[in-house]
Novice: 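One structure is given below, represented as structure tokens, and several questions about it will come after.
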Amino acid sequence: MKDTTANWPRVMDYVETTWLVHKEKFCRAWMNKVLHLGNTTTCRVESSHAQLKQWLNSSTGALDTVWAKVQNDIEAQIEAIKYSLEDSRRRSAVAHCGAPFKYLDLHVSHYCLRVLNDELKLMHRLSMDVVSECRCVLPMTHGIPCACELKTYIDIDESVRPDRIHPFWRALAFEGLSDIPVTAPVYTDRSEDHRFFHSLLENVEKLDPSMVRSISMMIHDQINPEQSGFKEPEVKDTVRGRPKGNSSTKRNPSAWEYSQAPRGRAQSSGSRSSRSRGRSSSSSVHNNEMSGIFYFINIYVEVKVNIFLLMNFIY
């Protein structure tokens, strides 16, 4: 700068005496040299303070009520953070998941993808001047690639790898306060989901045995879905076929035979069939006797006719 303003010494004197004496007060110039991960103002603290005052809803209150409201506010903030992290881990950011960010989707937070997308738009806007105009601030302040680095990835047709992103943006599990009691063992080598599950188990063990049994069956059905819905087969007292211990060849009637037979008339139909068989046998005997009588009558008539013809021939 001194070389540029060498012909105008009064300009340099003005800058040194009026502005450079307050150089530590220019926050943006100094904060871009440290890793702040986007936290450059106190607005988050102020918003949390405003939310806490909404929970309290009063400037006066007993210690037990104020403590309970503060605890509820903290738990609400924790749940909101957990929801945002789980959303980044399970829901794809469709608007920001294209090249060169295809390897980052579901592996970094949605906020990180939005910052990278804004830097990609800056790269397109600067076009050929991106290398000279890029200030390379994001690698220092956020730990993510800047516009000129994204231009390099696009030129070689590659995508940004997750290891190029700061671990802060890749931590999609909340490792803050836990619901596990102080007296319970802390599983430091396990994830948050495992610790939450163990805390649930401790609460389930204190419930009624019937509740423990129903919850155990629900967990079993989730672990073994192929066995869900199975029941023990019902044992039938009466089965089709020959009765046990009986050498008779007569079987028990089937269910459909019972259902088709008129109620209260099964025995009568059997008796009618036996009577009809008796009548048919007696009628057959009667028919045989009548046929024998007609046979002898025919023979008698033929003999009489032959005798009559013989007598006429003789005379």
Side-chain angles (χ1 to χ4, degrees), residues 37-39 42-93 104-114 162 165-237:
L37 300 173
N39 295 311
T42 60
C43 61
R44 295 187 179 181
V45 179
E46 293 173 356
S47 62
S48 298
H49 186 208
Q51 183 179 1
L52 177 60
K53 290 192 293 185
Q54 290 180 358
W55 279 94
L56 295 177
N57 199 21
S58 175
S59 60
T60 59
L63 179 61
D64 55 346
T65 57
V66 172
W67 177 263
K69 292 180 179 180
V70 171
Q71 184 69 18
N72 292 335
D73 180 36
I74 295 175
E75 292 179 354
Q77 294 184 22
I78 292 175
E79 292 300 325
I81 296 173
K82 287 182 178 180
Y83 174 79
S84 63
L85 295 178
E86 190 69 18
D87 190 41
S88 299
R89 184 168 58 177
R90 297 190 179 275
R91 186 175 64 86
S92 176
L104 302 181
D105 192 29
L106 303 180
H107 292 86
V108 299
S109 65
H110 288 174
Y111 177 80
C112 178
L113 290 176
R114 287 194 294 270
I165 307 300
H166 192 274
F168 176 80
W169 307 112
R170 292 185 279 118
L172 301 181
F174 183 74
E175 300 294 342
L177 299 177
S178 176
D179 297 331
I180 304 177
V182 179
T183 57
V186 180
Y187 302 91
T188 57
D189 57 337
R190 298 190 178 185
S191 65
E192 179 192 357
D193 295 333
H194 286 85
R195 294 198 299 270
F196 178 68
F197 179 73
H198 282 283
S199 64
L200 289 180
L201 288 181
E202 294 175 359
N203 294 331
V204 170
E205 291 177 353
K206 302 175 184 179
L207 298 177
D208 187 77
S210 60
M211 292 293 296
V212 174
R213 189 181 304 108
S214 60
I215 295 175
S216 301
M217 293 301 298
M218 293 171 59
I219 297 177
H220 179 269
D221 293 341
Q222 290 291 329
I223 297 176
N224 304 300
E226 70 279 358
Q227 299 180 7
S228 60
F230 288 0
K231 296 181 180 179
E232 292 291 335
E234 298 180 359
V235 180
K236 295 183 179 180
D237 297 332

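Here, residue 1 is the first one in the sequence, and each next residue gets the next number. Because the structure is predicted, anything quoted here is derived from the model rather than measured.
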Novice: Working to the nearest 0.5 Å, report the span between CZ of Arg213 and CG of Leu207.
Specialist: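 One finds 12.5 Å between CZ of Arg213 and CG of Leu207.
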Novice: To the nearest 0.5 Å, what is the distance between OG on Ser58 and NZ on Lys53?
Specialist: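 That separation rounds to 12.5 Å.
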Novice: Between atom CG of Asp73 and atom NE2 of His49, what is the distance when rounded to the nearest 0.5 Å?
Specialist: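 If we round to the nearest 0.5 Å, Asp73:CG and His49:NE2 are 10.5 Å apart.
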Novice: To the nearest 0.5 Å, what is the distance between NZ on Lys82 and CD on Glu75?
Specialist: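 With rounding to 0.5 Å, NZ (Lys82) is 9.5 Å from CD (Glu75).
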Novice: Output the distance between atom CE (Met217) and atom CD1 (Ile219), rounded to the nearest 0.5 Å.
Specialist: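 The CD1 atom of Ile219 is 11.0 Å from CE of Met217, to the nearest 0.5 Å.
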Novice: Just to verify, what does Trp67 make a side chain to side chain donor-acceptor pair (under 3.5 Å) with, not counting sequence neighbours?
Specialist: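 Not a single residue meets the side chain to side chain donor-acceptor pair (under 3.5 Å) criterion with Trp67.
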Novice: I'd like to check the side chain to side chain donor-acceptor pair (under 3.5 Å) partners of Asn57; sequence neighbours left out, ordered by chain and number.
Specialist: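 So Asn57 forms no side chain to side chain donor-acceptor pair (under 3.5 Å) with any residue.
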Novice: Got a list of side-chain donor-acceptor pairs under 3.5 Å for residues 104-112, not counting sequence neighbours?
Specialist:
unit_1	atom_1	unit_2	atom_2	d
Asp105	OD1	Ala93	N	3.2
Asp105	OD2	Ser92	OG	2.4
His107	ND1	Asp105	O	3.0
Ser109	OG	Cys112	N	3.3
His110	ND1	Arg91	NH2	3.4
His110	NE2	Arg91	O	3.0

Novice: Can you list everything that forms a side chain to side chain donor-acceptor pair (under 3.5 Å) with Gln54? Sequence neighbours excluded, please.
Specialist: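 Side chain to side chain donor-acceptor pair (under 3.5 Å) check on Gln54 returns nothing, list empty.
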Novice: Which residues pass the side-chain contact (heavy atoms from CB on, under 4.5 Å) test with Leu56, not counting sequence neighbours?
Specialist: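 Expected list: Leu52, Val66, Lys69, Val70.
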Novice: Who are the side chain to side chain donor-acceptor pair (under 3.5 Å) partners of Gln51, not counting sequence neighbours?
Specialist: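 Expected list: none.
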Novice: For the residue pair Trp169 and Leu37, establish whether any side-chain heavy-atom pair is separated by less than 4.5 Å.
Specialist: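 Touching, per the 4.5 Å side-chain cut-off.
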